[in-house]
Asker: 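Take a look at the following structure, please.
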Amino acid sequence: MTNFSTIKKSIVTAVLELFEGENVQDLIVIEDTKKDFEGDLTLVVFSLLKLSKKSPEQTAELIGNRLLEKQPYFEDFNVVKGFLNLKIKQNYWLTFFKSWLSEDDYGFVSKPTGELYMVEYSSPNTNKPLHLGHLRNIFLGDSVVSLLKAVGHQVVKTQIINDRGIHICKSMVAWQKYGNGETPISSNLKGDHLVGKYYVIFDKIYKQEIKELIDGGFSEKEAKVKAPIFLEAQKMLLLWENEDSKVRALWEKMNQWVYSGFEKTYKDLNVEFDHLYYESNTYHLGKEVVQKGVENGVFYSSEDSSIWSTFSDNNLDDKLLVRSDGTSVYMTQDIGTAVQRYKDYPNLSGIIYTVGNEQNHHFNVLFNILEKLNYSWASNCFHLSYGMVELPEGKMKSREGTVVDADELLSSVINEAKSLTSERGFLEELSQEDILDICKKIGNSGLKYFLLKVDPRRKMSFNPKETIDLSGHTGPFIQYTFVRIMSLLKKSEDLDNEFNIEDLKINSKELEVLKFISNFPDILGQSAKELSPYLLANYLYSLVKSYNSFYQDHPIITEDNYDLRNFRVQMSKLVSEIIEKGMNILGIEMPDRM
RNA sequence: ACUCCCAUAGUUCAACUGGAUAGAACAGUCGCCUCCUAAGCAACAGAUCUGGGUUCGAGUCCCGGUGGGAGUACCA
């Protein structure tokens, strides 16, 4: 069957037939023709000059003529410097379009690969509510999962709940001392926010105590480890690891508050997980593995009975794995968690850890340790490292309260959508519930698209004083285009959808839309391969831009020519399907009106 | 101090991984609603931190400089 990639292959074939040499294939660069030039595909010939021993223009002419002569696809070509621009016959574009229409899930891989991946994301600490940074993490992880599924893999969505450790004890100590028995119900606060409040209180007191100690003549370093409230937290951690029943009961109570808070936020964001791991369970296994490592000589135990790992790589300092008081650190449980995961899913093709780039070093060390422990799967662990979300004044710090709260931000975007929606007045006859449902979809889309359109590897900034835009390069803009197409399709329900391509003439805007459509499968594949939802997000935007430009200038259901009208309706429909499926991969739902 | 990352219009982001005249959006100026939803379309104006190098060709690669960020914890 002829499809778009057949054409690309025919260009490669022509070049291979014309020129001899080693690895000619690698020299061939085919791109979409830039907008300002005439043509559909462009072959860059500079790299072939060594073989042709001719000028760029002559080389391009040679290939162009060959293609016109041998292949039926091309109607013309032109040469600009070393660029050979090839024009594909409209009839072929329309044939391709028909074949896209006949596919069930155009762009998606229908045959399962049989590979199973685990994607870890979110993984919050249970001592404070989620903030904007977590949102970037959650949306990224969630859409990477969908991308992997789109190309035929199976995926387990997971998170590690960081439910133990000194940071949790801090909130617990502060609540015990200053909480007066306050609960989410008594305070009318969401559980995660209530616990977060005590985390901030701890820090405040801690800082105050440090200051007092310094004034009393201690050095800052001494003050930090001598502050009474800090000592209390340390003591509590020890009691916790020794399974002191009172401490455990308090811990369970407060964690429960946090979980129910998170649950609500996840529900609002429309994300869920398949398998949760709790640090409080996996750290045991981590300790065991570390202990075994000491026995096997992989790690060493120091005089004060703390346990360390050394590395052959000079850039890596020795890493502590168990403290001298026997309590474990973050790394300990991460080792245990990884081992546990491969016990649970022995067939994993890989684990993708969605974690901020501030932990690049941590994962470098972790993967090194797993290698040292000789786990065959160690090399399949991958850190999907993303950049921080920064505020105008710099990094967000929970302890200092300079964070953009996830719940607040989401509700403010939804409110923005509400006021805009009521201003426009298209939904007036709907029930309050239906309107709210639509506004939630719009608000979610504004927030998710805002975070997902940026290359995850790069840091990004957000100014909380400005609301998240709902027009321009945004999720709601894309939803809006979808809604307009839905409205068209509704009105054309009774129309016959057939069209004959023999006599059909399409204009440049329609051709441009078809070209965007033709790129969808590649974009999906590339986004999945590079774990980069932003490529898909930006593609969808370009597709929609192009479609809108067509929509503005040409009648669709009111077009008189039968074939042309039906072609336009069908093209609109395919565009809407790509938008919907693509946005769903980004975790964004479509309203059918707005 | 050492290691790593980053620097593109006033602002927030792109640039098919070395290809043509660096694209968008927001903000600014301006035009389009008796016409399929104006959350739209169209137009104007505006940018590669700096100095060298590599080559047919550099925002992209290499070296130096400046400016920012992160990491190097018995923190997470």
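Each chain gets a letter, A, B and so on, in the order the sequences are listed, and its residues count up from 1.
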Asker: Taking any heavy-atom pair under 4.0 Å as a contact, classify A/L488: base, sugar-phosphate, or nothing.
Answerer: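 Base contact - A/L488 has a heavy atom under 4.0 Å of at least one base atom.
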Asker: Which pairs, with at least one residue in residues 27-43 of chain A and sequence neighbours excluded, count as a salt bridge (charged side-chain N to carboxylate O under 4.0 Å, His left out)?
Answerer: A/K35-A/E512, A/E38-A/K87, A/D40-A/K515
Asker: How far does the C1' atom of B/G18 sit from the matching atom of B/U60, given to the nearest Å?
Answerer: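 Between the two C1' atoms, the distance is 7 Å.
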Asker: Listed by chain and number, what are the salt bridge (charged side-chain N to carboxylate O under 4.0 Å, His left out) partners of A/E220, not counting sequence neighbours?
Answerer: A/K224
Asker: Could you classify B/C16 for me, syn or anti, using a glycosidic angle within 90° of 0 as syn?
Answerer: anti
Asker: List in chain and number order the residues that pass salt bridge (charged side-chain N to carboxylate O under 4.0 Å, His left out) with A/D437, two or more places apart in sequence or in another chain; answer none if no residue qualifies.
Answerer: A/K441
Asker: Syn versus anti for B/U17, judged by chi lying within 90° of 0?
Answerer: syn
Asker: Would you tell me if any nitrogen or oxygen in the side chain of A/S492 comes within less than 4.0 Å of OP1 or OP2 on B/C36?
Answerer: no
Asker: Taking B/C5 as the reference, what is the distance to B/G10 when you measure between their C1' atoms (whole Å, please)?
Answerer: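 Approximately 26 Å lies between the C1' atom of B/G10 and that of B/C5.
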Asker: Separation of A/E220 atom CD from B/A73 atom C1', in whole Å?
Answerer: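 Going from A/E220 (CD) to B/A73 (C1'), I get 14 Å.
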Asker: Taking only the P atom of each, what is the distance from B/A45 to B/A7 in whole angstrom?
Answerer: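 These two P atoms come out 28 Å apart once rounded.
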Asker: Can you check the A/D455 CG to B/A14 P distance for me, whole Å?
Answerer: 6 Å
Asker: Measuring only the C1' atom in each nucleotide, how far is B/U50 from B/C41? A whole number of Å is fine.
Answerer: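 Here B/U50 and B/C41 have their C1' atoms 41 Å from each other.
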Asker: Here's a test of your reading of the structure: between A/F550 and A/K128, which maps to the more 5' nucleotide of RNA chain B?
Answerer: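 Taking each residue's closest nucleotide, the earlier one in sequence belongs to A/F550.
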Asker: Let me know the distance between CD of A/Q333 and P of B/C75, rounded to the nearest Å.
Answerer: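 About 15 Å, once rounded to whole Å.
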Asker: Any chance you could encode RNA chain B as dot-bracket? Rule is Watson-Crick or G-U wobble with both distances under 3.5 Å; [ ] for pairs crossing earlier ones, | for another strand.
Answerer: (((((((..((((.....[...)))).((.((.......)).))....(((((..]....))))))))))))....
Asker: Taking the same atom, P, in B/C36 and in B/G23, what whole-Å distance lies between them?
Answerer: 34 Å
Asker: Please examine the side chains of A/Y386 and A/R136, heavy atoms only from C-beta on, and report whether any two atoms are closer than 4.5 Å.
Answerer: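 A side-chain contact under 4.5 Å exists here.
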Asker: At under 4.0 Å between heavy atoms, what does A/S542 touch on the DNA or RNA strands: base, sugar-phosphate, or nothing?
Answerer: nothing
Asker: Mind checking the C1' distance from B/U21 to B/U48? Whole angstroms is fine.
Answerer: 15 Å
Asker: Let me know the distance between CD of A/E393 and C1' of B/G69, rounded to the nearest Å.
Answerer: 15 Å
Asker: With a cut-off of less than 4.0 Å, is there a side-chain N or O of A/R457 near OP1 or OP2 of B/C6?
Answerer: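 Checking B/C6 against A/R457, no side-chain N or O comes under 4.0 Å of OP1 or OP2.
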Asker: Which heavy atom of A/E279 sits nearest a heavy atom of A/I160, and at what distance?
Answerer: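 The answer is N-CD1, 3.8 Å.
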Asker: Ring-on-base stacking between A/Y551 and B/C41, under 5.5 Å between centres and under 30° between planes: is it there?
Answerer: no
Asker: Looking at every non-hydrogen atom in both residues, tell me the closest pair between A/I517 and A/Y539 and how far apart they are.
Answerer: CA-OH, 3.8 Å
Asker: By the 4.0 Å heavy-atom rule, please label A/F477 as base, sugar-phosphate, or nothing.
Answerer: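 The residue A/F477 makes sugar-phosphate contact but no base contact.
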Asker: Could you write out each protein N or O paired with an N or O of nucleotides 7-11 of chain B at a distance under 3.5 Å?
Answerer:
residue: B/A7; atom: OP1; partner: A/R458; partner atom: NH1; Å: 3.4
residue: B/A7; atom: OP1; partner: A/R458; partner atom: NH2; Å: 3.1

Asker: Output a table of nitrogen or oxygen pairs between the protein and nucleotides 70-72 of chain B separated by less than 3.5 Å.
Answerer:
residue: B/U72; atom: O2'; partner: A/D317; partner atom: OD2; Å: 2.6

Asker: So that I can tick it off, tell me whether A/R593 and A/E429 are bridged by a salt bridge, with the cut-off set at under 4.0 angstrom between side-chain N and carboxylate O.
Answerer: yes
Asker: Of all the nucleotides listed (B/A38, B/C13, B/C75), which has the minimum atom distance to the side chain of A/R484?
Answerer: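 Output: B/A38.
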Asker: Tell me the salt bridge (charged side-chain N to carboxylate O under 4.0 Å, His left out) pairs involving residues 466-475 of chain A, sequence neighbours left out?
Answerer: none
Asker: Name the residue from A/N357, A/N360, A/T354 that meets the side chain to side chain donor-acceptor pair (under 3.5 Å) definition with A/S385.
Answerer: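 Among A/N357, A/N360, A/T354, the one that satisfies the side chain to side chain donor-acceptor pair (under 3.5 Å) with A/S385 is A/N360.
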Asker: Suppose we screen for salt bridge (charged side-chain N to carboxylate O under 4.0 Å, His left out). Which residues come up paired with A/D163, at least two apart in sequence or across chains?
Answerer: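 Checked A/D163 against salt bridge (charged side-chain N to carboxylate O under 4.0 Å, His left out); zero matches.
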Asker: Could you measure between the two P atoms, the one in B/A15 and the one in B/C61, and give it in whole Å?
Answerer: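 Taking atom P in both B/A15 and B/C61, they lie 13 Å apart.
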Asker: What's the gap between B/U8 and B/G69 when it is taken at their P atoms, as a whole Å value?
Answerer: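 Between the two P atoms, the distance is 14 Å.
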Asker: Rounded to the nearest Å, what distance is computed from the CZ atom of residue A/R136 to the C1' atom of nucleotide B/C13?
Answerer: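 Rounding to the nearest Å, CZ of A/R136 and C1' of B/C13 are 11 Å apart.
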Asker: One character per nucleotide, please: for nucleotides 16-31 of chain B, 5' to 3', B when the base has a protein heavy atom closer than 4.0 Å, S when only the sugar-phosphate does, - otherwise.
Answerer: BB-BBS--SSS-----
Asker: Show me the pairs that pass salt bridge (charged side-chain N to carboxylate O under 4.0 Å, His left out) and involve residues 526-545 of chain A, at least two apart or across chains.
Answerer: none
Asker: Given B/G69, B/A14, B/A76, identify the nucleotide with an atom nearest to the side chain of A/K459.
Answerer: B/G69
Asker: Does A/V322 reach a base, just sugar-phosphate, or nothing at all? Heavy atoms under 4.0 Å.
Answerer: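 No contact at all - A/V322 keeps every heavy atom at 4.0 Å or more from the nucleic acid.
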Asker: Looking at A/S487, I'd like to know whether one of its side-chain N or O atoms comes within less than 4.0 Å of OP1 or OP2 on B/U37.
Answerer: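 Yes, within the criterion.
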Asker: Please determine if A/K287 and A/E241 form a salt bridge, counting it only when a charged side-chain N lies under 4.0 Å from a carboxylate O.
Answerer: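 The answer is yes: the pair qualifies as a salt bridge.
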Asker: Measure CD1/A/I161 against P/B/A76 and give the value in whole Å, please.
Answerer: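 Taking CD1 of A/I161 and P of B/A76, I get 17 Å after rounding.
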Asker: Identify, between A/S306 and A/L470, the residue whose nearest nucleotide on RNA chain B lies closer to the 5' end.
Answerer: A/L470
Asker: Determine the minimum heavy-atom distance between A/Y330 and A/Q359, stating which atoms define it.
Answerer: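 Minimum heavy-atom separation between A/Y330 and A/Q359: CE2-OE1, 3.5 Å.
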Asker: Let me know the distance between CD of A/Q479 and P of B/G40, rounded to the nearest Å.
Answerer: 12 Å
Asker: What pairs with A/D553 under salt bridge (charged side-chain N to carboxylate O under 4.0 Å, His left out), at least two apart in sequence or on another chain?
Answerer: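 For A/D553, the residues satisfying salt bridge (charged side-chain N to carboxylate O under 4.0 Å, His left out) (neighbours in sequence not counted) are A/K509.
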Asker: Can you tell me the distance, in whole Å, between the OH atom of A/Y539 and the C1' atom of B/A15?
Answerer: 18 Å
Asker: With a 4.0 Å cut-off, would you call A/D455 and A/R457 a salt bridge?
Answerer: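 Salt bridge between A/D455 and A/R457, a charged N being under 4.0 Å from a carboxylate O: yes.
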Asker: Using the side chain to side chain donor-acceptor pair (under 3.5 Å) criterion, which residues pair with A/Y353? Sequence neighbours excluded.
Answerer: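 Per chain and number, A/Y353 pairs via side chain to side chain donor-acceptor pair (under 3.5 Å) with no residue.
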Asker: Compute both the distance and the angle, then confirm whether A/R164 meets the cation-pi test with A/Y283: under 6.0 Å from the six-membered ring centre, within 45 degrees of the axis.
Answerer: yes
Asker: With heavy atoms under 4.0 Å as the rule, sort A/I442 into base, sugar-phosphate or nothing.
Answerer: base
